[in-house]
Amino acid sequence: QVRLVESGGGLVQAGGSLRLSCSASGRTFNWYTMGWFRQAPGKEREFVASIAWSGGGTYYADSVKGRFTISRDNAKNMLFLQMSVLKTEDTAVYYCADGAASASATSPNAYTNWGQGTQVTVSS
């Protein structure tokens, strides 16, 4: 089992940037796709971005493409999400997820481990 802990959320003005981090502990971190999801109040959890175990394959939701960048450091068991040009509609709790077999996994059901989430609030 992998334990995931997110950090880096906060309050930012529209147009600003934030960098989310996710630290992983437990079993071998390197061999699975990891991803970021988000959930706004009253909405379902939605896919944001995913990255293959090697870091060579990345996938993004259309709503964040060109603004967000996912990366990972397997040596440090860390996952990152650099968010730029933030919009008010990016406001949500952001979750780190692990355990998917496919680099292009966009369904929450494809992931087996989840962090507790970190709040991102973008003000206008």
Side-chain angles (χ1 to χ4, degrees):
Q1 194 77 357
V2 172
R3 180 171 180 259
L4 305 173
V5 180
E6 303 94 336
S7 61
L11 174 64
V12 63
Q13 285 193 325
S17 299
L18 276 176
R19 188 190 194 209
L20 303 184
S21 299
C22 174
S23 65
S25 60
R27 57 138 172 84
T28 302
F29 170 82
N30 299 7
W31 305 113
Y32 294 92
T33 289
M34 296 194 73
W36 287 98
F37 287 75
R38 66 187 183 187
Q39 188 166 19
K43 296 188 176 181
E44 293 187 352
R45 191 168 297 190
E46 66 172 1
F47 171 78
V48 174
S50 62
I51 184 167
W53 69 270
S54 65
T58 57
Y59 295 83
Y60 296 92
D62 288 342
S63 59
V64 307
K65 205 171 292 183
R67 300 188 297 121
F68 290 11
T69 301
I70 189 172
S71 61
R72 65 192 293 170
D73 184 338
N74 288 341
K76 296 182 179 179
N77 288 353
M78 295 291 295
L79 177 73
F80 306 99
L81 184 69
Q82 178 67 47
M83 305 185 294
S84 302
V85 196
L86 282 161
K87 305 176 181 179
T88 55
E89 52 262 45
D90 294 320
T91 295
V93 177
Y94 283 71
Y95 297 90
C96 168
D98 164 81
S102 169
S104 58
T106 60
S107 168
N109 294 331
Y111 295 81
T112 56
N113 299 296
W114 294 84
Q116 82 290 347
T118 186
Q119 176 71 46
V120 172
T121 303
V122 184
S123 63
S124 57

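- The shortest distance between side-chain heavy atoms of Q116 and E6 falls below 4.5 Å.
- Between S21 and M78, the closest side-chain pair of non-hydrogen atoms falls below 4.5 Å.
- Taking 4.5 Å as the limit, every side-chain heavy atom of R38 sits out of range of all side-chain heavy atoms of V120.
- Between the OG1 atom in T118 and the CG atom in L81 there is a gap of 11.0 Å [rounded to 0.5 Å].
- With rounding to the nearest 0.5 Å, the separation of CZ in R45 from CG in N109 is 10.5 Å.
- Closest heavy-atom contact between T91 and V122: OG1-N, 2.9 Å.
- Remark: the backbone N or O of A52 is paired with a side-chain donor or acceptor of R72 at under 3.5 angstrom.
- Under the 4.5 Å side-chain criterion, counting only non-hydrogen atoms from C-beta, W36 is in contact with L79.
- Interatomic distance, E46 CD to Q39 CD, rounded to the nearest 0.5 Å: 9.5 Å.
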Using residues 55-62 as the side-chain source, report each donor-acceptor pair under 3.5 Å to any protein atom, sequence neighbours left out, with the distance given to one decimal.
unit_1: Y60; atom_1: OH; unit_2: I70; atom_2: N; d: 2.9
unit_1: D62; atom_1: OD1; unit_2: K65; atom_2: NZ; d: 3.1

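- With rounding to the nearest 0.5 Å, the separation of OG in S23 from NZ in K76 is 13.0 Å.
- Inter-residue side-chain proximity for M34 and L4 is flagged as met; some heavy-atom pair is nearer than 4.5 Å.
- For Y94, there are no ring-ring contact (aromatic ring centres under 6.0 Å, His included) partners two or more places apart in sequence or in a different chain.
- Of all non-hydrogen atoms in T121 and Q119, the two that sit nearest each other are OG1-NE2, 3.3 Å.
- Summarising the local packing, CD of Q13 is surrounded by 12 or fewer heavy atoms from other residues, nucleotides or ligands at distances under 6.0 Å.
- Put simply, the side chain of N113 does not reach to within 4.5 Å of the side chain of Y32, judged on heavy atoms.
- With N74 contributing its side chain and S54 its backbone, the two residues share no donor-acceptor pair below 3.5 Å.
- Evaluation of the ring-ring contact (aromatic ring centres under 6.0 Å, His included) rule for Y111 yields F37 as partners, not counting sequence neighbours.
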